[in-house]
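To start, I am sharing the structure in question, which I have written as structure tokens.
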Amino acid sequence: MTLFNIIAVLITLSAVFAWLNDRFLKLPTAIGLMLIALLMSLFLLLPIPGTEGLESDVRLMVDSIDFDATVLHGMLSFLLFAGALHVSLKELAEHKWVIAVLASVSVFISTILVGGVAWLLFSLLGLEIPLIYCLLFGALISPTDPIAVLGILKSAGAPRGLELKITGESLFNDGVAVVLFLVLFDIAVGGEQVTLGAALQLFLKEAVGGLLLGLVSGGIAYLMLRKIDKYQVEVLITLAVASGAYALAEHLHLSAPITVVVAGLLIGNQVRLHAMSDKTQSHLDDFWELTDEILNAVLFVMIGLEVLVISINGPTLIAGLLAIPLVLVARVVSVGAPVAWMRRFRSFSTGAITILTWGALRGGISVALALSLPESEVRNVLLTVTYIVVVFSILVQGLTLGAVVKRVGERADLEMERTELPRPPEQADSAH
């Protein structure tokens, strides 16, 4: 199929599935689209007479999509920019140290825990996966996916402080996870002996370089935008920043996700206030909100269709199901330990660890990283396990996040009532 035909089919499916979801299911758009696409894919896999040709055509289309390149080197730039554009930099700065710890230390802890336990788990199931590849799995499944998180948190009703922490973490931990993934990938594929110093140097180059490039890109946009007042040109400039800065960062081997997030935060806050008219701001918000919705719809349809090209058998299915609690427990430990330490310096909402754990959704980025591994049986196993964890994360965690937030809030109220200070004796007597 030609590129235009693939895009046409994906957009058409997204539109039809979005209509079905809005008309009948009433689920959050991202979850509804993925669920319908997944059900359609599973239906096509059933031995139903007359569907063989359709199943073959859809499988061929899905197989021809370079999911890794499409997500990591295309859609991610616009989705991250759109997400960062509407985050308050002032509010984000209030939680900067918590976000920094969750986006870095927690990812490292989770990677080691998931990788080590997964290696033992795979061995018990008879799956020969080298330890370094298990650590790669830990690196790609540990970070929260900003695309999934930003889309679902809007309606979850989490406390504002926790929502900002989860949002900020998901926007920035991609850079950390990708650098960690690349270091482990070099060891796994190239057999290189990467020292701790070299890994730290690579991380600093990618992260700090990406941050500086984001500031420069946002600064250039500010200088251009303050000189004009024509919303068509101004929106085009922001589109150029989202795509051009991301592409330049990849060319310079800097963290492209961090670059567009920083540029998006700068344009969405300082540039918006000092270089845009109200009319431009309105058109800018409408454009990026629509872009975000369309790309999210297409991405989650792609995730749902991806099951057609994944090989699932007994051992890999069991491994995937066991990986779900493993990833959740690793998340509890990786956020619980830093939060427990940070409680000495700042307060956290009641149930913070519960919400940080259950709200840590995995999505297209994890699948894309798994697909970037070289073709082998090891890749097939890790891709299947990753896909099962992602499907559970989006469908189960995503659908129940609002209920968990409400339950934690109600429990917090009960705890406050139980710990209410007793009244003095004279007040108690007068009450009778």
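Reckoned from all heavy atoms, side chains included, excluding hydrogens, waters and symmetry mates.
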Can R272 and D285 be said to form a salt bridge (charged side-chain N to carboxylate O under 4.0 Å, His left out), step by step?
-> CA-CA 10 Å; R272 178 194 294 271; D285 290 338; 2.9 Å; yes
Between the main-chain N or O of L382 and the side-chain N or O of T386, is there a donor-acceptor pair closer than 3.5 Å?
->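 Flag set: sc T386 to bb L382 pair under 3.5 Å.
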Short side-chain to backbone donor-acceptor contact, T238 and V235, under 3.5 Å =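 Yes: the side chain of T238 pairs with the backbone of V235.
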Hey, does the side chain of T316 reach the backbone of I312 with a donor-acceptor pair shorter than 3.5 angstrom?
->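 Such a contact is absent between T316 side chain and I312 backbone.
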Can you see which heavy atom on W119 is nearest to which on C134, and at what distance?
-> CA-SG, 3.4 Å
Non-neighbouring partners of D145 that pass side chain to side chain donor-acceptor pair (under 3.5 Å), sequence neighbours left out | none
Would you confirm whether T259, through its side chain, and A249, through its main-chain N or O, come within 3.5 Å as a donor-acceptor pair?
-> no
Side chains of E206 and V179 in contact at under 4.5 Å (non-hydrogen atoms) =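 Result yes, sub-4.5 Å side-chain heavy-atom pair found.
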Separation between CG (L211) and CD1 (I258), nearest 0.5 Å, reads 7.0 Å
Flag the pair V58 / L308 as yes when at least one side-chain heavy-atom distance between them is below 4.5 Å, and no otherwise.
->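 With C-beta onward as the side chain, the pair touches.
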Please report the shortest heavy-atom distance between A82 and D292, naming the atom on each side.
->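 The pair with the smallest heavy-atom distance is CB-CB, 3.9 Å.
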Do other residues, nucleotides or ligands put more than 12 heavy atoms under 6.0 Å from Q201 CD?
->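 Incorrect, the count does not exceed 12.
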From CA spacing to verdict: side-chain contact (heavy atoms from CB on, under 4.5 Å), F181, L373 = CA-CA 10 Å; F181 181 86; L373 296 171; 3.9 Å; yes
Any chance NZ of K90 has more than 12 other-residue heavy atoms, nucleotides or ligands included, within less than 6.0 Å?
-> no
Measure across F81 and A263 and return the closest heavy-atom pair with its distance rounded to 0.1 Å.
->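 Minimum heavy-atom contact is CE1-C, 4.2 Å.
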Test side-chain contact (heavy atoms from CB on, under 4.5 Å) on V391 and M34 and set out the steps.
-> CA-CA 9 Å; V391 168; M34 178 181 158; 3.5 Å; yes
Take atom CZ of R226 as the centre, draw a 6.0 Å sphere, and report whether it contains more than 12 heavy atoms from other residues, nucleotides or ligands.
-> no
Any side-chain heavy atom of L383 within less than 4.5 Å of one from L371?
->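 Touching, per the 4.5 Å side-chain cut-off.
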Could you tell me whether the side chain of S372 and the main chain of L369 form a donor-acceptor pair under 3.5 Å?
->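 Yes, S372 side chain to L369 backbone: donor-acceptor pair under 3.5 Å.
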Spacing of CD1 belonging to I388 relative to OG belonging to S393, to within rounding of 0.5 Å =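 Atom-to-atom, I388:CD1 and S393:OG are 13.5 Å apart.
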In this structure, CZ of F122 is separated from OH of Y133 (nearest 0.5 Å) by 13.5 Å
Are the side chain of S110 and the backbone of V107 linked by a donor-acceptor contact shorter than 3.5 Å?
->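 It does not hold such a pair.
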Can you name the nearest heavy-atom pair linking L127 to V381, along with the distance?
->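 L127 and V381 have their closest heavy atoms at CD1-CG1, 4.0 Å.
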Set of residues satisfying side chain to side chain contact (heavy atoms under 4.5 Å, CB included) with respect to T70, sequence neighbours excluded =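 T70 satisfies side chain to side chain contact (heavy atoms under 4.5 Å, CB included) with I65, M75, M302 once adjacent residues are dropped.
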Above 12 or not: heavy atoms from other molecules or residues under 6.0 Å from NE2 of H274?
->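 More than 12 heavy atoms, drawn from other residues, nucleotides or ligands, come within 6.0 Å of this atom.
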Is it true that a side-chain atom of N269 and a backbone atom of L265 form a donor plus acceptor pair closer than 3.5 Å?
->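 The answer is yes, because a donor-acceptor pair under 3.5 Å joins these two groups.
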Should we count CZ of F24 as having more than 12 external heavy atoms under 6.0 Å?
->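 Enclosed.
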Does the side chain of W358 reach to within under 4.5 Å of the side chain of V408, using non-hydrogen atoms?
-> no
Residues R379 and E375 bridged, charged N to O under 4.0 Å =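 A salt bridge links R379 with E375.
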For the residue pair A84 and V261, what are the closest heavy atoms and their distance?
->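 The pair with the smallest heavy-atom distance is CB-O, 3.5 Å.
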Check step by step if side-chain contact (heavy atoms from CB on, under 4.5 Å) holds for D68 and H73.
-> CA-CA 7 Å; D68 168 34; H73 308 293; 4.3 Å; yes
From OG1 (T111) to CG (L140), nearest 0.5 Å = 8.5 Å
Output yes when a side-chain donor or acceptor of S366 lies under 3.5 Å from a complementary backbone atom of R362, and no otherwise.
->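 Absent.
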Is any NZ, NE, NH1 or NH2 atom of the basic residue among K96 and E169 found under 4.0 Å from an Asp or Glu carboxylate oxygen of the other?
-> no
Spatial distance of atom OH (Y231) from atom CD (Q281) [nearest 0.5 Å] =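 Separation between the atoms: 15.0 Å.
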Would you confirm whether S334, through its side chain, and I109, through its main-chain N or O, come within 3.5 Å as a donor-acceptor pair?
->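 No: the side chain of S334 does not pair with the backbone of I109.
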Begin from the C-alpha positions of V367 and F67 and carry the test side-chain contact (heavy atoms from CB on, under 4.5 Å) through to its verdict.
-> CA-CA 8 Å; V367 176; F67 195 98; 3.9 Å; yes
Side-chain contact, heavy-atom cut-off 4.5 Å: L299 with L79?
->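 L299 vs L79: side chains touch.
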Under 4.5 Å between any side-chain heavy atoms of S255 and V178, yes or no?
->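 No; the side chains remain at least 4.5 Å from each other.
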Side chain to side chain, N173 and L102, heavy atoms closer than 4.5 Å = no
Can you tell if the side chain of N5 reaches within under 4.5 Å of the side chain of M61, non-hydrogen atoms only?
-> no
Tell me, with the steps shown, if T280 and S277 meet side-chain hydrogen bond (donor to acceptor under 3.5 Å, both in side chains).
-> CA-CA 5 Å; T280 297; S277 64; 3.1 Å; yes
Is there a donor-acceptor contact under 3.5 Å from the side chain of S106 to the main chain of A103?
-> no
Gap between atom OG of S217 and atom CD1 of I267 - 0.5 Å precision =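 That separation rounds to 8.0 Å.
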Closest contact, heavy atoms only, A323 versus V385 = CB-CG1, 3.6 Å
